[in-house]
Amino acid sequence: MKPILLQGHERSITQIKYNREGDLLFTVAKDTVANVWYSVNGERLGTYNGHTGAVWCVDCDWDTKNVLTGSADNSCRLWDCETGKQLAMLNTSSAVRTCGFDFSGNIIMFSTDKQMGYQCYLNYFDLRDPQQIEDNQPYLTVPCAESKITSAVWGPLGEFVIAGHENGEINQFSAKSGEILKKVKEHSKQINDIQTSVDLTMVITASKDCSSKLFDSTTLDHIKTFKTERPVNSAAISPIMDHVVMGGGQEAMEVTTTSTRIGKFEARFFHAAYEEEFGRVKGHFGPINCVAFHPDGKSYSSGGEDGYTRIHYFDPQYFDFELEA
């Protein structure tokens with residue numbers, strides 16, 4: 001089946017996110033808008049307008065009521081998913097790099113960049129307390145002096161946040177006290193992306209050191225490693241099969257005219273247990289920045305440096321990728 005091409009951004013895609021049911025797909029890019037699409041046919045449902053800088057991250061809560069976006073305009077904003085109305089704006093001292101709702105949808109976290117003399121902070125807000133939003137005062141702020149957070153997700157039951165850092169470290173930050181519960185360093189370079197499995201028992205990392213690794217989300221025990229020959233920008237775990245998909249490519253600066261021909265920009269499928277690559281899907285004209293599986297496991301999306309988001313449908317039992325490309 002031909003992929004569905006979503007054209008709604010003028011610059012490279014930074015993150016894509018399905019809601020829990022999988023009927024909506026949220027995309028953000030370096031061009032100040034956040035878009036929401038129907039995933040079944042690629043029709044654009046609407047945009048969330050308001051940011052004045054590149055939008056780095058997006059998340060949607062459990063019942064698809066609110067949407068959270070973080071941007072380089074030094075703000076994290078909360079939107080009404082249905083109407084597109086801005087519900088809250090949290091100002092920061094530097095760009096917001098990651099954001100997310102916890103399992104209940106009541107608590108949000110976001111991390112800021114280390115720039116312009118400001119440190120990297122991980123902030124927690126409780127949306128049930130309007131005073132926190134009004135005063136722009138999080139109930140917990142965790143400074144990250146050593147290395148800035150480049151990607152973060154909530155762990156099971158919303159007890160902690162699992163954060164990947166610029167130096168390759170992974171930390172668990174408690175949502176109550178802010179202390180570091182666990183710390184591992186399996187990657188040698190920056191972690192570009194962290195995503196959880198559908199039941200939150202595992203997380204997968206994507207790193208600049210050309211590898212992607214699977215960890216237990218509670219103990220942070222290292223389970224599997226998937227190696228490639230170029231930096232991995234994003235990785236996702238299939239909700240129904242023992243498969244992972246990885247997207248990446250060279251840095252945009254190093255891309256030559258021959259890269260597409262050699263096939264440096266495909267999404268790559270690995271078997272989660274055997275660590276073997278078994279399929280590739282072509283399509284993008286530049287590095288893939290983000291990938292995400294549909295919650296039913298029968299399609300996946302990828303967002304690229306070329307500004308396009310592609311939704312690929314396939315039958316996970318057969319994986320006839322030649323037809324796909």
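Just so it is clear, the model here is predicted, and its values are computed rather than measured.
Considering only heavy atoms from C-beta on, Leu90 comes within 4.5 Å of Phe125 through its side chain. At least one side-chain heavy atom of Ile204 sits under 4.5 Å from a side-chain heavy atom of Phe226. Looking at heavy atoms from C-beta onward, Met109 lies in side-chain contact with Leu122 at the 4.5 angstrom threshold. In this structure, the side chains of Leu25 and Val36 stay at 4.5 Å or more apart for every pair of heavy atoms.
Listed for the Ser217 side chain is a donor-acceptor partner under 3.5 Å among the backbone atoms of Thr201. Listed for the Asp129 side chain is a donor-acceptor partner under 3.5 Å among the backbone atoms of Gln131. Checked by atom type and distance alone, the side chain of Ser151 pairs as donor or acceptor with a backbone atom of Ile194 at under 3.5 Å. In this structure, the side chain of Gln195 engages the main chain of Val291 through a donor-acceptor pair within 3.5 Å. Panel note: side chain Asn171, backbone Phe173; no donor-acceptor pair is recorded below 3.5 Å. A distance-only check finds no donor-acceptor pair linking the side chain of Asn123 to the backbone of Val142 [under 3.5 Å]. With hydrogens and angles disregarded, no donor-acceptor distance shorter than 3.5 Å links the side chain of Thr14 to the backbone of Lys30. When atom types are taken as modelled, the side chain of Thr196 and the backbone of Val203 share no donor-acceptor pair closer than 3.5 angstrom. Formation of a donor-acceptor pair under 3.5 Å by the His165 side chain with backbone atoms of Ser147 is found in this model. A distance-only check finds no donor-acceptor pair linking the side chain of His187 to the backbone of Lys189 [under 3.5 Å].
Aromatic ring centroids of Phe265 and His284 lie 6.0 Å or more apart. Separation of the Phe101 and Trp154 ring centroids does not fall under the 6.0 Å cut-off. In this structure, His243 has its ring center under 6.0 Å from that of Phe278.
Here Lys224 pairs with nothing under the salt bridge (charged side-chain N to carboxylate O under 4.0 Å, His left out) rule; sequence neighbours left out.
His271 and Asp242 are not linked by any side-chain donor-acceptor pair at a separation below 3.5 angstrom, with hydrogens and angles left out of the test. Side-chain atoms of Asn289 and Glu305 include a donor-acceptor pair closer than 3.5 Å. Between the side chains of Ser301 and His312, no donor-acceptor pair of N or O atoms lies under 3.5 Å. Defined by atom type and a distance below 3.5 Å, a donor-acceptor pair is present between the side-chain atoms of Thr225 and His222. A donor-acceptor contact under 3.5 angstrom links the side chains of Thr27 and Trp37, judged on distance only.
For CD of Glu82, the number of neighbouring non-hydrogen atoms (other residues, nucleotides, ligands) closer than 6.0 Å is 12 at most. Atom OH of Tyr118 is surrounded by 12 or fewer heavy atoms from other residues, nucleotides or ligands within 6.0 Å. Counting non-hydrogen atoms of neighbouring residues, nucleotides and ligands closer than 6.0 angstrom, the CD atom of Glu146 reaches no more than 12 such neighbours. More than 12 non-hydrogen atoms from other residues, nucleotides or ligands lie less than 6.0 angstrom from CD of Glu21. With a 6.0 Å radius and a threshold of 12 heavy atoms from other residues, nucleotides or ligands, Lys185 has its NZ atom above the threshold.
Between the OG1 atom in Thr218 and the CG atom in Leu200 there is a gap of 9.5 Å [rounded to 0.5 Å].
Below 30°, between 30° and 60°, or above 60°: for Tyr308 and Phe285 the angle between ring planes is above 60°, a perpendicular geometry. Ring planes of Tyr48 and Trp79: tilted class, angle from 30 to 60°.
At a threshold of 4.0 Å, the pair Lys182-Glu159 does not count as salt-bridged, since none of the basic side-chain nitrogens sits closer than that to a carboxylate oxygen. Between Asp59 and Lys17, at least one side-chain nitrogen of the basic residue sits less than 4.0 Å from a carboxylate oxygen of the acidic one, meeting the salt-bridge criterion. Between Arg268 and Glu277 a salt bridge is recorded (basic side-chain N to carboxylate O distance below 4.0 Å). The residues Arg128 and Asp126 are annotated as salt-bridged, a charged nitrogen and a carboxylate oxygen being separated by less than 4.0 angstrom.
Under the side-chain hydrogen bond (donor to acceptor under 3.5 Å, both in side chains) criterion, the residue pairs touching residues 84-96 are Arg77-Gln86, with sequence neighbours excluded.
Residue Arg97 is tested with Gln115, Lys148, Lys114 for a side-chain contact (heavy atoms from CB on, under 4.5 Å); the sole match is Lys148.
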